[in-house]
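Notes follow the structure.
Here the structure is a predicted model, which is why all the values come from computation and not from measurement.
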Amino acid sequence: MIEGNWKRLEKNEEAVRNGLDCCTYCNFYPCECLIEFIQFKKNHSRDPDFDSPDRNQNTLLSRRGEANKTSKTIRAKVVEIDGHIIKESIPTEAVDNRHSAGFLSYDWVGLQNGCIMWKHYVTQLECGGKSVAEGIGDHYKVQLDFDYRIEKNVPNRWEPKQPVFLSAQTGQGKNYFIENFLIPYLEDLNYKNKTKFRILILSNRLALKRQISRHIRGQDSANAEDDGEKIYSYNDAADVMTYQGLLNKRKYLEIVQKKKRSGYIFVICDEAHFFTSDAMFNPYTQEILSSIVVMFKKAIRIYMTATPYECLKAICECEKYQPVFYHFQRDYSYLNVKTYSEIRELYDDIIKGVNRAEKWLIFIDDKAKCQRVKDELEEKGEKIGISLQNDDSKAGKVYAVSADSKNDEIYKLIVQEEKLVKGIQVLITTSVLDNGVNLTGIDHIVVSDMSKEKCLQMVGRARKNGSNDSKTLYLKRFDEKYVTDRICDLKEQRKAYHDFDLAYGDLNDPFCSKTYDKYRFLSKYYNGSETDWKNAKHWFGRPQEEPERLFLNAIARNLLEKYLSMYEYICQEMLEEQKEIKASGLEIKKLPGQKYLEHQFSWFGKEYCIDGDITLCEQKEAEKDFLEFLKIYADNKKQVDEKDQFKKEFTRLHDAAFPREDKNRERTYGINLMNKILQKRNLNYKIRRKLKAWEVVDFIWNSEEIESE
């Protein structure tokens, strides 16, 4: 049994200064959660009473649940660049009082019962910057009793009733510990005791399973039969299989575990965030987790991930005992973080980077868009005279993951070699690669997700090479439309759960017709539109032993309320940002989503800097081009003879710098609208009519009426 070291802790001064009393004696230090809470507080400043370090904790607790109360923010940092006033952080009129036991976070629902790092949930061991093997020490060396069972209550040793959680950044040696310490130890244990105990390693992606299997087998398994259920074996010590395959092998595994001197003594849940990260589209993650805990109750269950915060709660609820939590300090100092709003903003940098032999890992949210981005990059390259094709290879320099990639030889080779193979410099992929598969030699990482867990996993796929390695990370700024779409999707899923409850829940209401509700449910989700059928496949599962019975994923249902609360809050925040931008009268285009973007920076221990904002820098250049276009005509008193060509160029340059002013995307602006735009932007130019042409003149706008076209 592993004991924590709470009694030896000193007060966390950072928590004291920020009034987060529940963090005061937490030895999760330096605390990444605390950094996020402080950033949230910084972005959402409140009244002086709230910001006071010595405020009464009871005041905070009394505010719990007051999610709709609002107050005006007071933070507004302003900078001036080339004569333009730009706000690095935008205050909002209304801010949700997100309090839960003294914590501040977008995740108000998830923190209602306090931080998951608190001692009531986990037994923490702070491992600092050590490798995983150093942090664990000899804890994994179990003692067997006369009946070949793991002895209980042995000091500083793992045992089945205390699950193990390894929280370590990619590259800190989780897999190295398994391959070079745990497997050799088990082989030696079996030799000494004449036993046949084994290790079972579970992974959540076929690509990851191939990579793990290759490591422990010492050979390529990419061409082996791989149907998602096969168990790959390594001598007499370890097996590798997917989580999905576990349910299909349940009876076999139960028989294996009944054997006295064999079976699995260590069960490793690699990339354990699978239980939550896949829950919204995989209805079986809760069943898989429950099956692991029940089937392997006599084995030591080891959960490994670089992103523990979300999945830890689900695991703690499923496990009977508190896990021992090994926390290895994260270090993202090697990242240079920039921001963008649309992937097209990065095309020039990507193409120039390819020309400099740099390598890019780009994550996109769907396979169809992966291919579209690839095509657009190649087209853009041709226009500027840089070919993205390879003369000596069938594949181009840009490779996009498709629906058939798992059987593609190039994709298999990338996973096998753990790098972009010869000739390929840009890999565009979905989350099929964002869990556990590590690639070396990557210079730039582009992520496009609002989820902290997913972003950290994506970043972790580009392995750091040595202490002097550096990489550029591009974080996406999201807009209100993206968040609104997510809210609509979540509400649709919530409605499906409600319909499921009506059809199969225990309502005990004699006036309710269960038969009618079941018929209506099945008609909609299994006999209705294609969209409903596809959604139902992701939301409702069927047990193998009772295929007629439906069930839903309890983990997904809990996450749904958390996500819905978070996205609704962010949407409200963005709408308030839009109001502030509109009221500010700034000449330069300003984008909402700034507060959440700065929160994203806190995940990596970074601060937002406008110099690294691709959108605003590109916008500034576009504004210069637009003003230069007008200035040439005005200074040279150049007549506008080709009106149609002038309108096209005015429209193109304006829309590159500012939001479009006509809903019809194909229509060019006429003289009336062009002058309205110049007045609205407070630009000192006007377009006048001449007998046969137009002219652009210097002009100071006032309340003068714009001439009709």
Side-chain angles (χ1 to χ4, degrees), residues 78-87 340-342 344-345 347-349 376 379-380 382-385 479 578-592 610-611 613-709:
V78 178
V79 296
E80 184 173 334
I81 296 181
D82 293 345
H84 296 294
I85 301 299
I86 301 173
K87 293 185 179 182
Y340 72 102
S341 299
E342 295 291 338
R344 291 181 180 87
E345 297 172 357
Y347 284 175
D348 285 339
D349 287 343
E376 289 174 354
E379 182 181 349
K380 177 88 172 181
E382 290 296 328
K383 285 182 179 179
I384 62 177
D479 57 17
Q578 287 178 355
K579 290 179 184 177
E580 185 71 22
I581 294 165
K582 208 168 189 180
S584 67
L586 295 176
E587 292 180 18
I588 192 167
K589 178 176 69 173
K590 185 62 182 151
L591 299 173
I610 198 168
D611 293 337
D613 196 317
I614 305 296
T615 304
L616 293 183
C617 290
E618 194 172 86
Q619 176 187 327
K620 185 177 67 174
E621 290 301 314
E623 284 190 356
K624 287 181 179 179
D625 291 342
F626 182 55
L627 291 172
E628 184 65 24
F629 166 73
L630 296 170
K631 188 174 185 295
I632 289 172
Y633 277 91
D635 289 353
N636 300 331
K637 294 183 169 42
K638 184 178 176 183
Q639 296 285 322
V640 179
D641 298 316
E642 297 292 335
K643 296 179 184 178
D644 288 341
Q645 185 61 36
F646 179 85
K647 288 194 293 185
K648 279 184 182 179
E649 192 65 4
F650 182 102
T651 303
R652 183 185 71 81
L653 291 171
H654 171 272
D655 290 357
F658 302 101
R660 182 164 175 80
E661 296 290 345
D662 191 326
K663 291 182 180 179
N664 186 337
R665 307 294 298 182
E666 304 300 323
R667 187 160 51 205
T668 57
Y669 302 142
I671 189 172
N672 186 37
L673 184 52
M674 286 191 285
N675 278 325
K676 283 183 178 179
I677 287 171
L678 295 174
Q679 184 184 38
K680 177 181 178 180
R681 303 291 173 200
N682 200 25
L683 301 177
N684 297 329
Y685 296 100
K686 184 177 181 178
I687 304 169
R688 291 190 187 277
R689 293 178 181 277
K690 302 289 285 184
L691 289 176
K692 294 183 179 180
W694 295 340
E695 65 176 1
V696 180
V697 297
D698 293 320
F699 188 80
I700 304 298
W701 288 98
N702 50 36
S703 58
E704 177 184 327
E705 182 180 346
I706 298 176
E707 59 184 296
S708 60
E709 187 172 350

For residues [X] and [Y], determine if any side-chain heavy atom of one lies less than 4.5 Å from a side-chain heavy atom of the other.
X: Q639; Y: Y633; result: no
X: F626; Y: R652; result: no
X: I632; Y: V696; result: no
X: K647; Y: R667; result: no
X: L678; Y: L630; result: yes
X: D662; Y: T668; result: no

Value rounded to 0.5 Å, distance of [atom1] in [X] from [atom2] in [Y]:
X: K638; Y: E695; atom1: NZ; atom2: CD; value: 14.0 Å
X: D698; Y: L683; atom1: CG; atom2: CG; value: 12.0 Å
X: K686; Y: W701; atom1: NZ; atom2: CH2; value: 5.0 Å
X: K690; Y: R688; atom1: NZ; atom2: CZ; value: 9.0 Å
X: I700; Y: Q679; atom1: CD1; atom2: CD; value: 12.5 Å
X: D613; Y: E345; atom1: CG; atom2: CD; value: 8.0 Å

For this session: Quick one: closest heavy-atom pair of A622 and A656, and the distance?
Result: CB-O, 3.4 Å

Exercise. Which pair of non-hydrogen atoms, one from I610 and one from C617, has the smallest distance, and what is that distance?
Worked result: O-SG, 3.9 Å

Exercise. How far apart are the C-alpha atoms of D348 and K380, what are their side-chain angles, what is the distance that settles it, and do they pass the salt bridge (Lys or Arg N to Asp or Glu O under 4.0 Å) test?
Worked result: CA-CA 8 Å; D348 285 339; K380 177 88 172 181; 3.5 Å; yes

Just wondering, more than 12 heavy atoms not from [X] lying within 6.0 Å of its [atom1]?
X: E642; atom1: CD; answer: no
X: K643; atom1: NZ; answer: yes
X: E342; atom1: CD; answer: no

Exercise. What is the ring orientation for F650 with F646, classed by angle as parallel under 30°, tilted 30 to 60°, or perpendicular over 60°?
Worked result: tilted

For this session: Test side-chain contact (heavy atoms from CB on, under 4.5 Å) on V640 and I687 and set out the steps.
Result: CA-CA 9 Å; V640 179; I687 304 169; 5.9 Å; no

For this session: Could you go through the side-chain hydrogen bond (donor to acceptor under 3.5 Å, both in side chains) check for E661 and Y669 one step at a time?
Result: CA-CA 8 Å; E661 296 290 345; Y669 302 142; over 6 Å; no

For this session: Mind running side-chain hydrogen bond (donor to acceptor under 3.5 Å, both in side chains) on T615 and S341 for me, showing each step along the way?
Result: CA-CA 6 Å; T615 304; S341 299; 2.8 Å; yes

